[in-house]
Undergrad: 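There's a structure below that I have some questions on.
Counting convention: from 1, in listed order, for ligands and their atoms alike. Throughout, numbering of the chain's residues begins at 1 and tracks the sequence.
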Amino acid sequence: MNKTRRFLAYAKPYSGWLILAFTLIMATTITINYLPVLVQKIMDEVLRADGADTGGRFALLMKYAKIYALLTACGYGVRYIQTLLTAWIGQQIVYDLRLAVYRKVLRMHQGYFDKTPVGTLLTRVTSDIERLQHFVTEGVVGSIADLFMIFGIMGYMIWFSPRLSISIFSTLPFLFGIMYFVNAKLRNANRDIRDRQARLNALIQEDLTGMTTIQLFNREASTIEDFDERNTHLRAAHFDEVRWFSLYFPTMETGQIVAQLITLTIGGLAIMGSSDAVTLGTLIAFLAYLKGFFQPLGSLSDKAGSFQVAMASIERVFDLLDEKEQITDPENPENPEKLAGAIAFKNVSFAYVENNWVIKNLSFEVQPGQVLAVVGATGAGKSTIINLIGRFYDVQQGVVTINGSDIRNFSKNDLRKRLGYVFQDPFIFTGSVADNISLGQPGISRTDIEHAAKTVNAHGFISAMPKGYDTVLNERGAGLSLGQKQLLAMARALAQDPELLFVLDEATASVDTATEMLIQDALNKLMANRTSIVIAHRLSTIRNADRILVMRHGELIDQGTHDELMANDGYYRQLYELLEHAPA
Ligand SMILES: Nc1ncnc2c1ncn2[C@@H]1O[C@H](COP(=O)(O)OP(=O)(O)OP(=O)(O)O)[C@@H](O)[C@H]1O
């Protein structure tokens, strides 16, 4: 299906309203363009009707004046309704599309977000769709209104005077030529502006995210240099646009004046030659039409440009909608009541980027209720194991099972609602502390929230906040310490009451000893009676785990209890001793 047809499919639910809008457009075109006819009648039948009685002429003048007033009120009243209706249709279509796009974004797999910059996605959901809205309201409907207007006026002009009309229309190709040229230049300038704006936005977004690092390493000067370079480019593109745009209206106005001159000359000659074909009234009406004729002509050629821009936006939006969803739900998902919680990896290999295997032929099992610690140097593949269980990525080889079932047999939602995560640097949403714990789940009451917070030792610091559980946290949880964020994340995990728990454990060094003890205690309570996988950095967590996996370069090089692994006197012992002697 081509882009336009596909886009029009979004307009289909509103086709009845669109037909009404077009009918109203037609009605206004006819009504408003009848006004110069009245002017001509007043001129020729009233003002220049020599010899007729004054009383009769006055009555005629009044009659035409009343019709004029009535038609104006009706014409512009209907136009008001039509403009509202058109804008409403445009907004509805864009609302539907925006929703469809965001739904799609939420369904995308992690791999897609790895390769697609946030700025790009933001542009898709905001400005690309915004452009489509202009395209619908001003572009499609506006162009049709302009065309109606142009053909309507042409009809009236030809009806009035074919001779004058032909001489005016003969100037049009020349005018179109100039407008086409200027429009092409404007489009190029516009494209440059968008490209350069996007480059500047990307830089700003990156700088704002990394502000601490910029300031810490005194990178302000070079940052502003980069900014300045892109800012200069953007200014140049804007100047370029202004240059061509400034030419646009003078060209149109000149065209209009030339047409008026032609009309006045040819019409004037005809009147002086006492030709019946052109009267003074006709000439005046004709001049009024000329004015009305050039306005939609100009806006139509302007729209030709925005049409191309919108097409590019439509293409990008549809590309996103067509993006393959790599992690899909099975047709008949399994939906067991409760997962006992046995997790197994069988010969699993996985690569984020093709052929760059970060998990190599990994097999292990965790029994229900067990705590499994995963240790290994940085980049060994520990977090990847947890990513795979949540189906944030699908394995390329082998299988991951829960309770003996391939996790691809569950729906993503059903699988994930059974999993609880405690991340190293948990994400805090803008909202109250309570909302950040319940994540808006309707089944989680205030009592559940407080119970969860108390269990994981978060109640103390939350109560000390100005409005307790109703304190509003701002973006990314500024104002909370890392330890507090972790406790909050644990309360969040506990409140969801997951069947399986994954903890991406933070290094001990980042929190003080008192907080460390609170976190450790909270962790123990969270893991109690739950199958848990912990990426462990805390010696106590590692020691107390039922089993430990030792990972190195994506391979499982050893597994067992702490005592067994220490007795082996291998890589684990080296790792453990390194942690033991690490500065606190
Ligand atoms: N989204 C990604 N895209 C591409 N490669 C990735 C991605 N995430 C991780 N990797 C790579 O996969 C490998 C394993 O990463 P992983 O995060 O699982 O390591 P880790 O053992 O958890 O490390 P750390 O202790 O530093 O968190 C690393 O080489 C890493 O560079």
Undergrad: Relative to ligand 1, is T384 under 4.0 angstrom through side chain, backbone, both or neither, heavy atoms considered?
TA: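 The answer is both, backbone and side chain.
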
Undergrad: State whether any protein heavy atom lies less than 4.0 Å from atom 30 (C) of ligand 1.
TA: no

Undergrad: For atom 25 (O) of ligand 1, what is the closest protein heavy atom, and at what distance to 0.1 Å?
TA: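 Result for atom 25 (O) of ligand 1: K382 NZ, 2.8 Å.
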
Undergrad: Write down the atom of H109, the atom of K324, and the distance for their closest heavy-atom approach.
TA: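 The pair with the smallest heavy-atom distance is CE1-O, 3.6 Å.
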
Undergrad: Going by an N to O cut-off under 4.0 Å, is there a salt bridge joining K525 and D521?
TA: yes

Undergrad: One thing to verify: whether K115 and E323 come together as a salt bridge, which I'm taking to mean a side-chain N less than 4.0 angstrom from a carboxylate O.
TA: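 K115 and E323: salt-bridged.
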
Undergrad: Give the atoms of ligand 1, by number and element, whose distance to some non-hydrogen atom of S383 is under 4.0 Å.
TA: 17 (O), 18 (O), 20 (P), 22 (O), 27 (O)

Undergrad: Is the positively charged end of R107 above the ring of Y102, judged by distance under 6.0 angstrom from the centroid and angle within 45° of the axis?
TA: no

Undergrad: So which heavy atom in the protein is nearest atom 1 (N) of ligand 1, and how far is it from that ligand atom?
TA: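 In this structure, atom 1 (N) of ligand 1 has D114 OD2, 2.9 Å as its nearest protein heavy atom.
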
Undergrad: Give the minimum heavy-atom separation between P368 and T531, together with the two atoms involved.
TA: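 For P368 versus T531, the nearest heavy atoms are CA-OG1, 3.5 Å.
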
Undergrad: Pick out which of E220, R219, E225 makes a side chain to side chain donor-acceptor pair (under 3.5 Å) with S222.
TA: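 Testing each of E220, R219, E225 against S222, the sole residue satisfying side chain to side chain donor-acceptor pair (under 3.5 Å) is R219.
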
Undergrad: Consider every N or O of V353 and every N or O of ligand 1, then say whether any pair is closer than 3.5 Å.
TA: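 No; the residue has no nitrogen or oxygen that sits under 3.5 Å from a nitrogen or oxygen of the ligand.
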
Undergrad: Nearest heavy-atom pair of V422 and Q486: which atoms, and what distance?
TA: CG1-O, 4.5 Å

Undergrad: For ligand 1, is there an atom lying under 4.0 Å from some heavy atom of G376?
TA: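 It does not, in that no heavy atom of G376 comes within the 4.0 Å cut-off of ligand 1.
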
Undergrad: Can you list the atoms of ligand 1 that are under 4.0 Å from a heavy atom of Y393?
TA: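 Within the 4.0 Å cut-off of Y393, ligand 1 contributes 1 (N).
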
Undergrad: Tell me if a side-chain donor or acceptor on K382 pairs with a main-chain N or O of G376 at a distance below 3.5 Å.
TA: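 Looks like yes, one N/O pair under 3.5 Å.
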
Undergrad: Side chain or backbone, does G379 bring an N or O within less than 3.5 Å of an N or O on ligand 1?
TA: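 Between G379 and ligand 1, an N or O pair is found under 3.5 Å apart.
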
Undergrad: For ligand 1, which is the ligand I care about here, please tell me if V358 has any N or O atom under 3.5 Å from one of the ligand's N or O atoms.
TA: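 No; every N/O pair is 3.5 Å or more apart.
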
Undergrad: Give me the residue, atom name and distance of the protein heavy atom closest to atom 9 (C) of ligand 1.
TA: Y352 CE1, 3.3 Å

Undergrad: Which one holds for T378 and ligand 1: side chain close, backbone close, both close, or neither close, with close meaning a heavy atom under 4.0 Å?
TA: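 Both parts.
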
